[in-house]
*Asks:* 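Structure incoming, see below.
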There are 2 protein chains.
Amino acid sequence: MAKENTSMYIILGLLEHEDLSGYDIKKKIDFMISHFWEIGYGQIYPTLKTMEENGMITKKVSETSKGPEKNLYSITDSGREVLKEWLLLPEAKEYTKYEILVKLFFGKLVSEEENRKRIELFQERHLQNAAIMKMFRTNLEQVLKESEDHLYYYLTVLFGEKIYNAYIEWAKEAEELLGKKNENDNLHKGDNE
Amino acid sequence: MAKENTSMYIILGLLEHEDLSGYDIKKKIDFMISHFWEIGYGQIYPTLKTMEENGMITKKVSETSKGPEKNLYSITDSGREVLKEWLLLPEAKEYTKYEILVKLFFGKLVSEEENRKRIELFQERHLQNAAIMKMFRTNLEQVLKESEDHLYYYLTVLFGEKIYNAYIEWAKEAEELLGKKNENDNLHKGDNE
DNA sequence: CAATTCATGTAAGGTGTTACATGATTAC
DNA sequence: GTAATCATGTAACACCTTACATGAATTG
């Protein structure tokens, strides 16, 4: 058995709620979870296979009236136990890799324009992400008034929004700082003329 | 050759500034870079080996008066070129994995106490990180007044501080939301008595 | 004299990504 | 009819972590 295998627990968690195919699982993850944990098909299908072999889930081939045939998976009691045990364990610390910061860290080696462009693109990407999260949050808030079923989902969306906003704020400040540097450069240029 | 191999470029970037041993490289990364990109010895030593084979760096064994012998690496012109080319490429999007959010997403399956405890620990960890970043930033600001040599380093520290603060803010709000839920629960409890 | 730090490295295994392969159905 | 979506899967490889192994020197 694997050591961590968070993908497996994500699949278990989703199946605890409803029966799903590998394809469905991917869609759910992309929509609700991918902002803090991405998984590809290359991980999902093999994992489903070993999970079935280990008795955590069962497969039934569903002959839908239309479309290709689906493998529908259901969680077993054993799977439910494995999931709950895992949920009680302390989690590993978050795992973040920001290639943009590595490149910026060595920013002296390229032109300032290059660095500024990089930060702008980063900011644009995350303005979009922040907008998506805000939309999700607003929709969820309507639903939360009636029942708190989605409270934990809401917490993850809130997290996403906060982080993306922090990215955007940083990008603004970073651009200002580079701009200030430019002004100084120009002043000094003026001194020498 | 590898496809991305960001570790390699980090090593090149550090060697562009000064000659270092594998051990030195690890220390530098831990101190300045690990907040956005971690690397272990298991990656550094093998990478140095292949980099030497590919002519990006050269090794000289330094017989220091005291302590064990060191392998000091220097970047070559070829290595410098490889680094600069990479610095001009657009970066991959950031890679983040938050196991805590996965566990929270399925938070309904465990007790609320469990979830609250989790968030508190997360917050404590990042209060410490934020404090470290603030200290770094304050120190760097003193230096920046004299020369802007460390401006790019400063930008990465600023990033760290913003992100850790966003984590902390989120944790506060999340705790409040869980608390509010509790109050509601108690109210409903009262209704039924 | 015991623990920590300095210093280098290997082996094994787990994790994750990318590319490839296939084929039916649906929407334009 | 062509492009996109539905649906499943494999193979290769790149990446990264962990554990192990060794031994000298320094610090308390």
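Naming: A, B, ... by sequence-line order, numbering from 1 per chain.
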*Asks:* How would you label the contact of B/K26 with the nucleic acid (heavy atoms, under 4.0 Å): base, sugar-phosphate, or nothing?
*Replies:* nothing
*Asks:* Among D/dC16, C/dG16, C/dT10, which nucleotide sits nearest the side chain of A/W37?
*Replies:* C/dG16
*Asks:* What is the separation between atom CG on B/L72 and atom P on C/dT8, rounded to the nearest whole Å?
*Replies:* 8 Å
*Asks:* State whether B/Q43 places a side-chain N or O below 4.0 Å from either non-bridging phosphate oxygen (OP1 or OP2) of D/dC15.
*Replies:* no
*Asks:* For A/H35 and A/Y164, I'd like to know if the aromatic rings sit close, meaning centre-to-centre distance below 6.0 Å.
*Replies:* yes
*Asks:* Taking only side-chain N and O atoms of A/K97, does any of them lie within less than 4.0 angstrom of OP1 or OP2 on D/dC15?
*Replies:* no
*Asks:* For the pair made of CG in B/D30 and C1' in D/dT17, what is the distance, rounded to whole Å?
*Replies:* 14 Å
*Asks:* Could you check whether B/G42 gets within reach of a base, just the sugar-phosphate, or nothing at all, counting any heavy atom under 4.0 Å?
*Replies:* base
*Asks:* Report the nucleotide, chosen from D/dT17, D/dC15, D/dG9, that has the shortest atom-to-atom distance to any side-chain atom of A/N71.
*Replies:* D/dG9
*Asks:* Could you tell me whether the phosphate oxygens of C/dG9, OP1 or OP2, come under 4.0 Å of any side-chain nitrogen or oxygen in B/Y23?
*Replies:* no
*Asks:* Report the distance from atom CD1 of A/I44 to atom C1' of C/dT17, rounded to the nearest whole Å.
*Replies:* 13 Å
*Asks:* Is the terminal nitrogen or CZ of A/K162 (NZ for Lys, CZ for Arg) located under 6.0 angstrom from the six-membered ring centre of B/Y167 and within 45° of that ring's axis?
*Replies:* no
*Asks:* In this structure, which one of B/F159, B/F36, B/W37 forms a ring-ring contact (aromatic ring centres under 6.0 Å, His included) with A/Y98?
*Replies:* B/F159
*Asks:* So, B/S21 and B/N71: side-chain donor and acceptor under 3.5 Å apart, yes or no?
*Replies:* no
*Asks:* Taking atom C1' of D/dC15 as reference, at what distance in whole Å does atom CD of A/E38 sit?
*Replies:* 16 Å
*Asks:* Among D/dG9, D/dT10, C/dG9, find the nucleotide with the atom closest to the side chain of A/K49.
*Replies:* D/dT10
*Asks:* So, for B/Y152 and A/F106, is the gap between ring centers shorter than 6.0 Å?
*Replies:* no
*Asks:* Using atom OH of A/Y45 as one end and atom C1' of C/dT15 as the other, report the distance to the nearest whole Å.
*Replies:* 19 Å
*Asks:* With respect to the side chain of A/D24, which nucleotide from D/dA7, C/dT17, C/dG9 is positioned closest?
*Replies:* D/dA7
*Asks:* Measure from CE on A/M8 to P on C/dG16 and round the result to the nearest Å.
*Replies:* 12 Å
*Asks:* What's the CD1-P distance between A/I29 and C/dT17, to the nearest Å?
*Replies:* 11 Å
*Asks:* Measure from the side-chain heavy atoms of A/K70 and tell me the nearest of D/dA7, C/dT8, D/dC16.
*Replies:* D/dA7
*Asks:* Remember a base hit wins even if backbone is also touched, and classify B/S7 as base, sugar-phosphate or nothing at under 4.0 Å, heavy atoms.
*Replies:* sugar-phosphate
*Asks:* Please report the distance, rounded to the nearest Å, between CG in B/L20 and P in C/dA7.
*Replies:* 12 Å
